[in-house]
Amino acid sequence: MENNQPVRVRFAPSPTGRTHLGSGRTALYNYLLARQTGGTFILRIEDTDQKRYVPEAEQELVHSLRWLGLSWDEGPDVGGPNGPYRQSERKDIYRQYAEQLISLDRAYYCFCSTERLAEMRKGQQVRKEPLVYDGTCRHLSVAEVQRRVMAGEPHVVRFKTPRQGSITVRDLLRGEITVENRYLDDFILVKSDGLALYHLAAMVDDHLMGITHVIRGSEWLSTFPLHGHIIRAFGWTEPIFVHLSVFLKPSGKGKMSKRESAQLIQDGHSVFLTDLEQLGYIPEGVANWIALMGWSYDDHTEYFCLQDLVDKFSLQKLNPSPAAINFTKLDYFNGLHIRTLAAEDLAERVRPFFDAGGYVVDSDKLRQVAPLIQPRITTLDDALDMAGFFFKDEVQPNPAELIGKKMTAAQSAHAARRSYDILASLAEINVETAEQPLRELADGMGLNPGQLFGILRVAVTGQSVSPPLFESMAVIGKAKVLQRIQDAIAALDAMDSAG
RNA sequence: GCCCCCAUCGUCUAGUGGCCCAGGACGCGGCCCUCUCAAGGCCAAAACAGGGGUUCGAGUCCCCUUGGGGGCACCA
């Protein structure tokens with residue numbers, strides 16, 4: 001809010017795997033800042049590494065971001081004036097800028113083999129030196145370079161990092177970061193296959209696309225000084241850099257490993273956005289949750305819809321320290337947002353889960369059920385356990401559960417019969433018609449309402465935990481309710497005679 | 001090993017020298033409500049990593065230690 005200048009920001013993932021919570025948050029923050037300032041949000045695909053390229057990754061990414069509710073103004077799927085938006089399609093652009101750096105004497109050709117490089121590092125390792133390129137190809141004559149390139153010798157282009165002095169770059173959250181140049185490598189800018197590496201490609205694109213704020217993960221902090229060198233070598237104006245904290249595993253000890261990520265889904269959680277969707281988390285809940293991991297709002301508000309976040313987001317309130325993922329808080333936020341949904345909306349969202357569970361659901365009935373389950377579920381998926389019985393023809397109660405608390409099977413059967421007679425006499429069963437007479441019945445029989453209602457609950461819903469009894473009966477309908485009570489009486493009688 | 005970053009309740013965090021014997025949220029415990037389960041309401045327990053400075057005064061500034069994280073690739 002304090003920054004009302006329209007920003008140009010970008011989310012620039014590499015399509016190498018599944019879309020993670022951390023990516024979701026980075027994308028979200030970029031989006032929020034763009035929308036808040038009336039700026040531009042660009043999606044750029046950083047696919048310069050063909051070895052790690054996963055074809056489905058970009059689709060999953062786009063799906064997940066859209067699911068979260070984000071939209072972008074420029075990108076590979078929507079186009080825009082700064083395209084192409086896939087780096088693999090911008091190869092010639094990078095080559096051109098690499099050559100410019102060479103002519104500026106800020107980059108050079110390097111012919112060292114990967115074997116020689118590995119050997120070099122081994123030596124540096126034992127001598128406890130920084131693992132940086134030793135500069136062998138730094139001072140090759142123009143003639144020699146030309147000869148070897150012509151001869152078709154494999155080569156890369158390296159940045160000529162100054163050997164003396166230091167560089168100071170500025171991160172919005174951390175302030176100035178100064179590093180001595182001797183610890184910085186002569187990073188490779190262009191690989192031997194002619195494709196640029198991130199360091200060059202991202203800086204060139206950010207410049208060409210007019211990016212004003214680079215909001216990215218803190219894994220880039222260590223190469224940040226190099227990026228500063230590249231930008232300054234070209235004489236470009238520097239965008240504002242914001243490095244977001246990393247997510248730690250729930251224990252707070254370390255980052256989530258692949259194996260641990262896979263393990264998570266066993267208990268209904270995941271760090272992958274598409275998994276969360278399938279698990280029954282809703283985008284409002286997930287967005288609220290990740291927004292608050294590393295960002296806060298001063299008045300202690302924690303409940304935010306996407307538009308609230310757009311209005312209230314602020315770079316200044318970002319927190320640079322790593323944050324442990326807290327799934328119980330996700331459950332809380334998800335439940336919170338489910339409860340604020342309109343009943344019809346909830347019904348619609350829950351429907352695919354019933355479909356997937358093999359239920360045949362009637363739309364009208366589902367709309368009636370929605371408000372009943374709304375305060376009782378934390379994920380959409382929970383609806384099946386809570387309300388599946390509404391959509392079954394028959395219900396199979398556990399016979400033992402049909403017996404009322406501190407009662408015998410015979411007593412329970414008797415109570416069920418008396419209840420049956422009352423309910424059968426009603427024109428229609430609902431809270432208004434049924435509750436009062438059944439309470440009186442319980443009272444007359446010397447039972448707690450809980451004892452009687454418990455028997456009926458298990459009989460009618462087939463489960464000991466359910467939405468409120470009479471509301472449930474109203475949805476199920478008189479005929480089915482009576483049938484189920486009759487079945488329960490039979491089961492109780494059978495238990496009684498069995499001893 | 002080398003470089004960089006971070007450090008308040010179990011977790012997410014508020015806190016930018018006095019308003020803090022540290023506030024909120026999740027979770028946990030208790031109570032209320034209640035036909036079950038939830039939801040909701042109320043109450044409680046729970047933290048400034050350690051050591052040095054600076055200052056009249058430090059969670060807040062500086063240094064060291066410790067701990068945690070990231071990076072050290074022809075990955076991003």
Side-chain angles (χ1 to χ4, degrees), chain A residues 12-16 46-49 51-52 87 110 112-114 117-118 121 124-132 154-158 171 173-174 177-180 182-185 187-193 195 197-199 201-202 216-225 243 245-246 248 250-255 289 292-303 317 319-333 335-336 339 373-378 382 386 435 438-439 442 448-454 456-458 461 463-470:
Chain A
S14 63
T16 54
E46 312 227 318
D47 57 349
T48 54
D49 185 2
K51 286 195 294 295
R52 294 202 309 155
Q87 291 188 327
C110 172
C112 294
S113 68
T114 49
L117 260 20
R121 283 187 204 104
Q124 291 168 332
Q125 193 91 260
V126 304
R127 277 175 270 125
K128 300 182 179 178
E129 294 169 1
L131 273 40
V132 299
H155 61 274
V156 300
V157 176
R158 283 184 185 273
D171 171 82
L173 309 181
R174 286 159 259 254
I177 297 169
T178 300
V179 182
E180 291 183 52
R182 64 191 172 98
Y183 295 123
L184 264 26
D185 205 352
F187 277 87
I188 292 174
L189 264 19
V190 180
K191 295 181 278 187
S192 54
D193 67 1
L195 253 170
L197 241 29
Y198 174 90
H199 308 298
R216 54 162 25 174
S218 67
E219 66 269 22
W220 295 113
L221 222 36
S222 53
T223 43
F224 184 22
H243 293 91
S245 63
V246 293
L248 271 26
S251 65
K253 300 275 181 199
K255 254 177 71 163
W289 177 54
L292 255 18
M293 296 178 69
W295 175 80
S296 61
Y297 187 62
D298 358 85
D299 73 352
H300 294 149
T301 304
E302 291 213 327
Y303 173 83
K317 298 291 289 183
N319 189 156
S321 37
I325 297 170
N326 183 350
F327 286 109
T328 56
K329 200 143 186 177
L330 167 61
D331 287 341
Y332 166 74
F333 279 122
L336 210 53
R339 271 168 255 136
I373 61 173
Q374 195 156 21
R376 298 184 164 75
I377 58 176
T378 67
D382 289 343
M386 184 53 79
E435 180 165 4
L438 285 176
R439 279 186 186 280
N448 299 324
Q451 287 176 292
L452 180 62
F453 294 176
L456 297 176
R457 163 173 287 105
V458 175
T461 70
Q463 47 198 55
S464 56
V465 171
S466 81
L469 222 211
F470 302 105

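Letters A, B, ... are given to chains in the order of the sequence lines, protein chains preceding strands, and every chain is numbered from 1. Everything numeric in this text was worked out from a predicted model, so none of it was measured.
Not counting sequence neighbours, the partners of A:R52 by the side chain to side chain contact (heavy atoms under 4.5 Å, CB included) test are A:S14, A:T16, A:D49. For the side-chain hydrogen bond (donor to acceptor under 3.5 Å, both in side chains) test, residues two or more places apart in sequence or in another chain that qualify with A:R457 are A:S466. A search for side-chain hydrogen bond (donor to acceptor under 3.5 Å, both in side chains) contacts involving A:T301 returns A:D299, not counting sequence neighbours. A:D185 pairs by the side-chain hydrogen bond (donor to acceptor under 3.5 Å, both in side chains) definition with nothing, not counting sequence neighbours. Residues passing the side chain to side chain contact (heavy atoms under 4.5 Å, CB included) test with A:E129, sequence neighbours excluded: A:Q124, A:R127. Legend: residues meeting side chain to side chain contact (heavy atoms under 4.5 Å, CB included) with A:K255, ordered by chain and number and at least two apart, are absent.
For A:R439 and B:rC35, the shortest distance from a side-chain N or O to OP1 or OP2 is below 4.0 Å. Applying the 4.0 Å criterion to OP1 and OP2 of B:rA76, one finds that A:R216 has every side-chain N and O outside that range.
Spacing of C1' atoms, B:rA7 relative to B:rA14, comes out at 16 Å, to the nearest Å.
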Between the protein and nucleotides 42-49 of chain B, are there any N/O to N/O pairs under 3.5 Å, and if so, what are the atom names and distances?
none

Strictly under 3.5 Å: I want the nitrogen or oxygen pairs between protein and nucleotides 4-10 of chain B, one per line.
{"unit_1": "B:rC5", "atom_1": "O2'", "unit_2": "A:R174", "atom_2": "NH1", "d": "3.2"}

Show me, pair by pair, the donor-acceptor contacts under 3.5 angstrom made by side chains of residues 323-333 of chain A, not counting sequence neighbours?
{"unit_1": "A:N326", "atom_1": "OD1", "unit_2": "A:T328", "atom_2": "N", "d": "3.2"}
{"unit_1": "A:N326", "atom_1": "OD1", "unit_2": "A:T328", "atom_2": "OG1", "d": "2.7"}
{"unit_1": "A:N326", "atom_1": "OD1", "unit_2": "A:K329", "atom_2": "N", "d": "3.4"}
{"unit_1": "A:K329", "atom_1": "NZ", "unit_2": "A:E302", "atom_2": "OE1", "d": "3.4"}
{"unit_1": "A:D331", "atom_1": "OD1", "unit_2": "A:Y281", "atom_2": "OH", "d": "2.6"}
{"unit_1": "A:D331", "atom_1": "OD2", "unit_2": "A:H269", "atom_2": "NE2", "d": "3.4"}

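Residue A:R52 has its side chain nearest to B:rA76 when only B:rC74, B:rU36, B:rA76 are considered. In the set B:rU36, B:rA25, B:rA76, B:rA25 carries the atom at the smallest distance from any side-chain atom of A:K329. Side-chain atoms of A:R339 lie closest to B:rG40 of the nucleotides B:rG40, B:rC26, B:rA76. Comparing B:rA38, B:rC35, B:rA25 by their closest approach to the side chain of A:R457 singles out B:rC35. Nearest nucleotide to the A:V465 side chain, out of B:rU36, B:rA25, B:rC74: B:rU36.
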